[in-house]
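Structure, as structure tokens:
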There are 2 protein chains.
Amino acid sequence: MNVPGREINPHISVDCVIFGFSTNQLKVLLIKRAHTGPSGKRIKDHKLPGDFITINEDLDLAASRTLEELTGLKDIYLQQFAFFGRPGRISNRVDIDWLNATTGHEIQRVVTAAYYSLINITETNSDFAIKNNAAWIDIQQVPDLAFDHDTIIANGLKHLQKTLRNEPIGFELLPEKFIIRELQSLYEVILGCALDNRNFRKKILKSKYMVQLEEKQSGVAHKPAYYYRFDRNIYEKHKKESLGFNF
Amino acid sequence: MNVPGREINPHISVDCVIFGFSTNQLKVLLIKRAHTGPSGKRIKDHKLPGDFITINEDLDLAASRTLEELTGLKDIYLQQFAFFGRPGRISNRVDIDWLNATTGHEIQRVVTAAYYSLINITETNSDFAIKNNAAWIDIQQVPDLAFDHDTIIANGLKHLQKTLRNEPIGFELLPEKFIIRELQSLYEVILGCALDNRNFRKKILKSKYMVQLEEKQSGVAHKPAYYYRFDRNIYEKHKKESLGFNF
DNA sequence: ATAGTTAGCGTATTTTTTACGTTAACTTTG
DNA sequence: CAAAGTTAACGTAAAAAATACGCTAACTAT
């Protein structure tokens, strides 16, 4: 094992792809960046929420800290899915200048651990995020991003899609109680395909972890749907039996 | 974004869980470490192959470099699967001393990017590895390892199992030509369960990517089996159609 | 020649997936 | 206040996939 005899090691950061679901759209929470570019003119663009880790900080904790600082939320679904460490990944002049300006250091190289997170957007946490200069942006309309954050989001989405097919994580994006149609729309939007509502219902209800509540929708101009909730305990118990969807 | 105003960033390393398959066993390639412990007595133990990355080195390239240095092999199946960055992960006195001794630096914290690799063990690359102080060890009989390498291996195995169920990667562990029985044994050993040979054959042959060769086994005391090879081009072409096994 | 062994094909049954029809329960509209 | 519009919720038939086995073929060792 040989060690580079250099003074400088790469900095390590975490970046979070924070997914939310609202108005039938899959969204990501992005930080709005406004700064002065090298040519002197003001630049407005977006980046993923993220931060450098502190010297004694666990990566997972750094990620949940970032998430909490931005949304005020704790105990949220958060998963590492890849790391990005290409030496050239921070090559854009704008990005380099911005990094040096905001950190006050000469940042030479950053290796980032990428996480994705699923949160249920509420007024409370949404306001919180907006105050922190963040914005929910439809995954279909993500603009060009700083660094290699486009790649990171694309990668995170792939992981989300794969996981959604194999584990019950859709609930993380919904409120405590929800109707089946909402869950189906969520699957359709994330997987990018239409699903048959009758078959979807059968499949999802076959899994025991869907608990029907007594409450129905009210004020809707059609037959009201029952609310359901996800029961994690039941899921854990029947885990072996219910492995994966094959939509 | 705030940056720690510290001089020292964590070191970054790559660790490789290198899987091989021989004599019907799943094996991992481990480095034999012999060194002097804090009490002055000689210690013999094992660790995963790995290395610190150099300042301008891509993580993926650092991993393939490590692999090539150890086995002489290029263009090998290699996948990042997790990173390990707990501040306390290097807590053992023996490990700390060893790190400082071998590197000549005060190593305070190491974040490691974990890769798993699948290789076809041959006499050539096996001799190569042995000369580099490595040993193939049955996954069932891995001794206590340095650092948190036990965790990394356990994690890597899980990823291997999951991927084996969804993608045709078993071939990476076998020679160019192989018989179906060998492939089945490989699945059985990795997944840890018995499979019905008739159903396995049906399922695997339904995937178009299994190409039967004209050559049969010879010198065996039973009906000789045909050799097959894996055709990656055919696989790529039919990818959508053949998604996943459900053993 | 016979016994022992694995290869390789096949069939019947069960389970899962897919495709699609129909009634129920609510609000809105004319 | 009846009719129209809309989504909920249940069901059935057909196709596909997974599972559980039985049997013959082709080789070597004795």
Side-chain angles (χ1 to χ4, degrees), chain A residues 23-24 164-168 174 177-189 191-229 238-247, chain B residues 23-24 164-168 174 177-189 191-229 238-247:
Chain A
T23 59
N24 265 4
L164 186 65
R165 284 177 183 276
N166 295 302
E167 286 163 48
L174 295 177
K177 60 180 190 183
F178 54 86
I179 62 171
I180 294 186
R181 177 71 239 181
E182 290 171 334
L183 188 64
Q184 183 182 335
S185 297
L186 185 152
Y187 272 78
E188 292 181 325
V189 168
L191 299 180
C193 61
L195 301 174
D196 182 275
N197 65 332
R198 291 154 292 188
N199 294 335
F200 180 81
R201 163 178 291 272
K202 255 183 286 184
K203 210 173 241 183
I204 207 86
L205 288 180
K206 206 177 48 181
S207 333
K208 304 300 186 335
Y209 51 66
M210 288 282 290
V211 178
Q212 186 182 324
L213 307 179
E214 286 176 16
E215 189 183 353
K216 292 183 198 181
Q217 282 181 309
S218 65
V220 289
H222 55 78
K223 180 174 178 179
Y226 280 100
Y227 283 105
Y228 284 79
R229 66 177 180 82
H238 295 83
K239 221 172 193 174
K240 303 144 213 159
E241 302 164 37
S242 66
L243 262 178
F245 296 107
N246 296 308
F247 294 125
Chain B
T23 61
N24 266 3
L164 187 64
R165 284 179 184 274
N166 295 303
E167 287 164 48
L174 295 177
K177 60 181 190 184
F178 54 86
I179 62 172
I180 293 185
R181 178 72 238 181
E182 291 171 334
L183 187 63
Q184 185 183 334
S185 298
L186 185 151
Y187 272 78
E188 291 180 326
V189 168
L191 300 180
C193 62
L195 302 173
D196 182 274
N197 65 330
R198 294 153 291 191
N199 293 336
F200 180 82
R201 164 179 291 274
K202 255 182 287 186
K203 210 175 240 184
I204 206 86
L205 289 179
K206 206 177 47 178
S207 331
K208 302 300 188 335
Y209 52 64
M210 289 282 289
V211 178
Q212 187 181 324
L213 307 178
E214 286 176 16
E215 189 183 351
K216 293 182 197 180
Q217 280 182 310
S218 64
V220 289
H222 55 76
K223 179 172 177 179
Y226 280 99
Y227 283 104
Y228 284 79
R229 67 177 180 82
H238 295 83
K239 221 171 193 172
K240 304 146 213 156
E241 302 164 35
S242 65
L243 264 178
F245 296 106
N246 296 309
F247 293 123

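Letters go in sequence order (proteins before strands), and every chain restarts at 1. Below, each value reflects all heavy atoms present in this structure, side chains not excepted, and no hydrogens, waters or symmetry copies.
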Sequence neighbours left out, what passes side chain to side chain contact (heavy atoms under 4.5 Å, CB included) with B:S218? Give chain and number order.
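Here no residue qualifies.
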For B:Q217, side chain to side chain contact (heavy atoms under 4.5 Å, CB included) partners two or more places apart:
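Expected list: B:I179, B:V220, B:H222, B:P224, B:A225, B:Y227.
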To the nearest Å, how far apart are [X] [atom1] and [N] [atom2]?
X      : N      : atom1 : atom2 : answer
B:Q212 : C:dG8  : CD    : P     : 7 Å
A:Q217 : C:dA25 : CD    : C1'   : 11 Å
B:L205 : C:dG10 : CG    : C1'   : 14 Å
B:L195 : D:dA20 : CG    : P     : 11 Å
B:N197 : D:dC23 : CG    : P     : 15 Å
B:I179 : C:dG8  : CD1   : P     : 8 Å
B:F200 : C:dG8  : CZ    : C1'   : 14 Å
A:R198 : D:dA13 : CZ    : C1'   : 13 Å

Under the ring-ring contact (aromatic ring centres under 6.0 Å, His included) rule, collect the residues that match up with B:F178, sequence neighbours excluded.
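With neighbours one apart ignored, the set is B:F171.
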Of all the choices, C:dT17, D:dA8, C:dA7, which nucleotide is nearest to the side chain of B:R201 once you look at every atom?
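It is C:dA7.
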Pairwise salt bridge (Lys or Arg N to Asp or Glu O under 4.0 Å) hits with a residue in residues 211-220 of chain A, at least two apart:
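Every pair satisfying salt bridge (Lys or Arg N to Asp or Glu O under 4.0 Å) with a residue in residues 211-220 of chain A: A:K177-A:E215.
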Just grab all the salt bridge (Lys or Arg N to Asp or Glu O under 4.0 Å) pairs involving residues 218-227 of chain B, residues at least two apart or on different chains.
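Qualifying pairs: none.
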Report the residues that fulfil side-chain hydrogen bond (donor to acceptor under 3.5 Å, both in side chains) with B:N197, sequence neighbours left out, ordered by chain and then residue number.
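Counting only residues at least two positions away or on another chain, B:N197 forms no side-chain hydrogen bond (donor to acceptor under 3.5 Å, both in side chains).
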Under the side-chain hydrogen bond (donor to acceptor under 3.5 Å, both in side chains) rule, collect the residues that match up with B:E188, sequence neighbours excluded.
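For B:E188 the side-chain hydrogen bond (donor to acceptor under 3.5 Å, both in side chains) partners, ignoring immediate neighbours, are B:R181, B:Q184.
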Side-chain donor or acceptor of B:K202 under 3.5 Å from a matching atom on the base of C:dT11?
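For B:K202, whose side chain was compared with the base of C:dT11, there is a donor-acceptor pair (under 3.5 Å).
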Please determine whether any donor N or O and acceptor N or O are separated by less than 3.5 Å between the side chain of A:N199 and the base of C:dA19.
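Under the 3.5 Å cut-off, the side chain and the base do form a donor-acceptor pair.
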Rounded to the nearest 0.5 Å, what separation is found between the CG atom of B:L164 and the CG atom of B:L191?
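Reported value, rounded in 0.5 Å steps: 5.0 Å.
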To the nearest 0.5 Å, what is the distance between CD (A:Q212) and CG (A:L205)?
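Result: 8.0 Å between the selected atoms.
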Please report the end-to-end axis angle for the helix from C:dA1-D:dT30 to C:dG30-D:dC1, five pairs per end, rounded to 10 degrees.
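The helix from C:dA1-D:dT30 to C:dG30-D:dC1 shows an end-to-end axis angle of 10°.
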Does B:D196 reach a base, just sugar-phosphate, or nothing at all? Heavy atoms under 4.0 Å.
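If one applies the 4.0 Å heavy-atom cut-off, B:D196 turns out to touch a base.
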Heteroatom pairs (N/O) under 3.5 angstrom, protein to nucleotides 25-27 of chain D:
unit_1	atom_1	unit_2	atom_2	d
D:dA26	N3	B:K223	N	2.9
D:dC27	O2	B:A221	O	3.4
D:dC27	O2	B:H222	N	3.0

Under 4.0 Å between a side-chain N or O of A:K206 and OP1 or OP2 of C:dT16?
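Answer is no, no contact under 4.0 Å.
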